[in-house]
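One structure is given below, encoded as structure tokens.
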Amino acid sequence: MAQALRLAEQGLYGTSPNPRVGCVLVAGERVVGSGWHRRAGEPHAEVHALREAGEAALGATAYVTLEPCSHRGRTPPCADALVEAGVARVVIATQDPNPQVAGEGIEKLRAGGIFVESGLMEAAARELNAGFFARMTRGTPWLRSKIAMSLDGRTALANGASQWITGAAARRDVQHWRARSCAVLTGINTVLADDAQLNVRDIETTRQPLRVVLDSRLRMPLNARILQNCECGNVLIYTVLHDAAKIAALEKTGATIRVLPDSKGQVDLHSMLGDLAGRGCNEVLVEAGSILNGALLRAGLVDELLLYVAPQLLGDAARGMAQLGELTGLEQRVNLKWQDIRQVGNDLRITVKVENV
């Protein structure tokens with residue numbers, strides 16, 4: 001199963017909106033076939049493994065990181081393929097949360113005479129597909145906020161200067177997180193201050209993430225770099241204004257505009273995440289300033305923080321990482337759980353999960 005999980009990781013950048021899945025077929029003590037899901041619309045992991053195994057699949061055991069599908073989508077059901085190949089046993093890391101599967105794949109395998117076990121290395125399998133599980137079970141993507149900061153938690157000087165707090169190695173590492181994300185989310189202030197592009201650079205990827213901007217007052221300049229070479233549908237702007245002329249001008253660049261106001265005249269953050277889930281987004285990477293980070297944290301919408309910490313001090317006049325407002329009691333604090341700490345170049349990368357979401 002560990003080998004199947006490593007295979008599944010090879011689909012890290014390309015399977016969305018599908019989950020990342022790996023499969024290993026074993027006959028006796030010998031691996032006879034293996035595969036992983038490479039890209040949505042292409043054969044699933046089980047199919048690749050069965051093709052490699054050929055007749056050796058008869059009587060073999062299949063180790064699969066996610067319950068084989070039981071429905072026909074863009075590809076035939078994998079449960080049927082395993083039954084037809086004569087596989088004797090299937091070991092599954094975790095059941096599929098997709099309502100179209102949700103145990104039906106297991107039942108189809110058992111009905112076909114296959115012995116099925118589930119739960120082996122389940123935590124690792126769910127972690128690999130945290131975004132897919134989030135979208136299927138709660139209707140919103142997994143929201144991961146990336147913040148580059150000094151050791152004293154500052155993200156920019158008071159005048160806004162922030163390039164660069166962290167080093168080249170950390171900035172390159174961020175590209176991998178962008179590549180695995182379905183969307184990169186920022187606020188209009190970041191676009192105006194940095195003319196950010198939010199695309200994947202310097203590493204190989206089969207697709208670019210959807211670039212999402214919260215722009216309540218439609219201040220997006222038509223010559224912004226994020227709009228240059230804009231693939232149709234690759235830039236999505238959420239606003240509260242029904243400004244037909246500005247919307248038409250932005251749409252002419254290839255951007256998509258979605259009007260989603262809340263009762264306070266701001267973009268409705270909950271509805272925005274629901275809309276992104278409806279577009280097939282599993283993981284969303286936030287790269288924004290303290291205002292949007294604070295709003296998302298206060299709303300309980302952030303699942304994970306990806307903190308790049310540079311060994312430097314910027315002082316108490318510099319800008320903080322999230323505007324949470326004044327807390328009057330410790331019960332209002334944001335509780336975090338350590339996940340991973342490692343050195344990247346001269347900086348630290350700290351991953352923490354938000355517990356009170």
Answer yes or no: are there more than 12 heavy-atom neighbours, outside Gln163 itself, under 6.0 Å from its atom CD? yes
So for atom CD, which belongs to Glu331, do other residues, nucleotides or ligands contribute more than 12 heavy atoms lying within a distance under 6.0 Å? yes
Just by modelled atom types, is the [Y] backbone N or O under 3.5 Å from a matching donor or acceptor in the [X] side chain?
X: Gln175; Y: Arg201; value: yes
X: Thr190; Y: Thr186; value: no
X: Arg51; Y: His48; value: no
X: Glu67; Y: Asp96; value: yes
X: Gln266; Y: Asp262; value: no
X: Ser181; Y: Val184; value: no
X: Thr65; Y: Gly22; value: yes
X: Lys246; Y: Leu218; value: yes
X: Glu283; Y: Pro141; value: no

Listing request: all salt bridge (charged side-chain N to carboxylate O under 4.0 Å, His left out) pairs with a residue in residues 31-41, at least two apart in sequence or in separate chains. Arg39-Glu42
Inter- and intrachain pairs under salt bridge (charged side-chain N to carboxylate O under 4.0 Å, His left out), touching residues 284-296, at least two apart: Lys146-Glu287, Arg178-Glu287
For Glu251, the side-chain hydrogen bond (donor to acceptor under 3.5 Å, both in side chains) test, sequence neighbours excluded, returns none
Check whether Met321 and Leu327 end up in the same hydrophobic cluster, where Ile, Leu, Val, Met, Phe, Trp and Tyr are linked by side-chain heavy atoms less than 4.5 Å apart. no
Could you walk me through whether Asp340 and Arg349 pass the salt bridge (Lys or Arg N to Asp or Glu O under 4.0 Å) test, one step at a time? CA-CA 8 Å; Asp340 183 74; Arg349 189 186 75 197; 3.7 Å; yes
Heavy-atom distance under 4.5 Å between the side chains of Pro221 and Leu192, does that happen here? yes
Would Val235 and Thr256 satisfy side-chain contact (heavy atoms from CB on, under 4.5 Å), going step by step from the backbone distance to the final call? CA-CA 6 Å; Val235 173; Thr256 299; over 6 Å; no
Please determine whether side-chain contact (heavy atoms from CB on, under 4.5 Å) holds for the pair Val191 and Asp215, giving the CA-CA distance in whole Å, both sets of side-chain angles, and the decisive distance to 0.1 Å. CA-CA 10 Å; Val191 174; Asp215 185 5; over 6 Å; no
Under the salt bridge (Lys or Arg N to Asp or Glu O under 4.0 Å) rule, what do Arg258 and Asp275 come out as? Steps first, then yes or no, please. CA-CA 9 Å; Arg258 187 84 165 85; Asp275 186 65; 3.2 Å; yes
side-chain hydrogen bond (donor to acceptor under 3.5 Å, both in side chains) assessment of Asn199 paired with Arg211: CA-CA 7 Å; Asn199 58 339; Arg211 294 172 290 170; 5.3 Å; no
Would you be so kind as to tabulate the donor-acceptor pairs closer than 3.5 Å made by side chains of residues 305-317, with sequence neighbours excluded?
{"unit_1": "Tyr308", "atom_1": "OH", "unit_2": "Asp173", "atom_2": "OD2", "d": "2.5"}
{"unit_1": "Tyr308", "atom_1": "OH", "unit_2": "Trp177", "atom_2": "NE1", "d": "3.4"}
{"unit_1": "Gln312", "atom_1": "NE2", "unit_2": "Ile165", "atom_2": "O", "d": "3.1"}

Take Val116 and Ile92, measure what side-chain contact (heavy atoms from CB on, under 4.5 Å) needs, and give me the verdict at the end. CA-CA 8 Å; Val116 181; Ile92 299 165; 3.8 Å; yes
Tell me who clusters with Phe115, hydrophobic residues only, linked when side chains sit under 4.5 Å apart either directly or through other members. none
Residues clustering with Leu128 (ILVMFWY side chains joined when closer than 4.5 Å, directly or via others): Met1, Leu5, Leu7, Leu12, Tyr13, Val24, Val26, Val31, Trp36, Tyr63, Val91, Leu120, Met121, Val200, Ile203
Working for salt bridge (Lys or Arg N to Asp or Glu O under 4.0 Å), residues Lys353 and Glu127: CA-CA 12 Å; Lys353 285 187 178 177; Glu127 184 71 22; 3.0 Å; yes
Arg20 versus Asn129, side-chain donor and acceptor atoms under 3.5 Å: no
Side chains of Asp347 and Thr166: is there a donor and an acceptor less than 3.5 Å apart? no
Worked check of side-chain contact (heavy atoms from CB on, under 4.5 Å) between Arg333 and Leu324: CA-CA 9 Å; Arg333 63 192 167 190; Leu324 297 177; over 6 Å; no
Test side-chain hydrogen bond (donor to acceptor under 3.5 Å, both in side chains) on Asp268 and Tyr238 and set out the steps. CA-CA 9 Å; Asp268 189 316; Tyr238 289 102; over 6 Å; no
Leu285, Leu276, Val286 screened by side chain to side chain contact (heavy atoms under 4.5 Å, CB included) with Leu143, the one that passes: Val286
